[in-house]
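First up is the structure itself, then whatever we jot down about it.
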Amino acid sequence: MTWAFERNGERLRCTIAKDDAAGLYRLSVRWPDGSDTFEDIDHPTVLIERSVQLMDSFRRDGWLVSSTRREA
């Protein structure tokens with residue numbers, strides 16, 4: 001699942017993916033400068049809590065959910 005955010009002409013992308021082989025979820029962010037950050041999470045409840053925290057922090061920092069999907 002991927003969400004795109006926009007702020008002042010910049011974009012970031014937040015993605016959640018499941019690695020079935022490792023039994024983990026990966027929460028990743030592609031920042032406007034092209035850098036990536038990753039968090040590997042092993043429990044669905046923790047994943048939901050962390051993704052809500054992260055998206056709330058985006059909103060506090062002025063990021064808005066993008067109305068159109070464009071790949072970076």
Side-chain angles (χ1 to χ4, degrees):
M1 181 168 287
T2 300
W3 294 268
F5 294 83
E6 295 182 12
R7 178 181 73 182
N8 300 325
E10 293 185 309
R11 295 180 56 83
L12 70 78
R13 187 175 63 213
C14 181
T15 302
I16 295 174
K18 185 167 186 205
D19 181 343
D20 288 322
L24 297 171
Y25 298 91
R26 174 159 279 191
L27 179 59
S28 62
V29 178
R30 164 70 51 100
W31 298 96
D33 66 2
S35 65
D36 294 302
T37 56
F38 303 95
E39 295 180 44
D40 290 328
I41 300 169
D42 64 355
H43 196 276
T45 302
V46 175
L47 172 68
I48 292 167
E49 290 170 352
R50 179 61 183 130
S51 62
V52 168
Q53 290 171 349
L54 188 60
M55 291 185 201
D56 283 347
S57 74
F58 293 158
R59 290 179 45 198
R60 281 192 306 274
D61 290 341
W63 291 97
L64 301 174
V65 174
S66 176
S67 60
T68 59
R69 181 182 166 107
R70 290 176 271 165
E71 293 299 318

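Bear in mind the structure is a predicted one, so any value in this text is a computation, not a measurement.
Distance check, rounded to the nearest 0.5 Å: CG of L24 to CD of E39 gives 12.5 Å. Note that the CZ atom of R30 and the CZ atom of F38 stand 7.5 Å from one another [nearest 0.5 Å]. Residue R13 holds its CZ atom at 7.5 Å from OG of S28, rounded to the nearest 0.5 Å. Here the straight-line distance linking atom CZ of F58 with atom CG of L64 works out to 12.5 Å at 0.5 Å rounding.
Between the side chain of D33 and the main chain of S35, a donor-acceptor pair closer than 3.5 Å is present.
I41 and L47 get closest at one heavy-atom pair: CG2-N, 3.6 Å. E10 and W63 get closest at one heavy-atom pair: O-CZ3, 3.5 Å. The two residues W3 and M55 have their closest heavy-atom pair at CE3-CE, 3.1 Å.
No continuous path of hydrophobic side-chain contacts links M1 to V52 [ILVMFWY only; heavy atoms under 4.5 Å]. Hydrophobic clustering (side-chain heavy atoms under 4.5 Å, transitive across Ile, Leu, Val, Met, Phe, Trp, Tyr) groups V46 together with L27.
Within a 6.0 Å radius of CG in N8, no more than 12 heavy atoms belonging to other residues, nucleotides or ligands are found. More than 12 heavy atoms of other shown residues, nucleotides or ligands fall within 6.0 angstrom of atom CZ in R7.
Looking at residues two or more places apart in sequence or on another chain, you find a side chain to side chain donor-acceptor pair (under 3.5 Å) between R26 and D40.
Two residues are said to be in side-chain contact when any heavy atoms from C-beta on lie closer than 4.5 Å; V65 and F5 meet this criterion. Put simply, the side chain of S57 reaches to within 4.5 Å of the side chain of L54, judged on heavy atoms.
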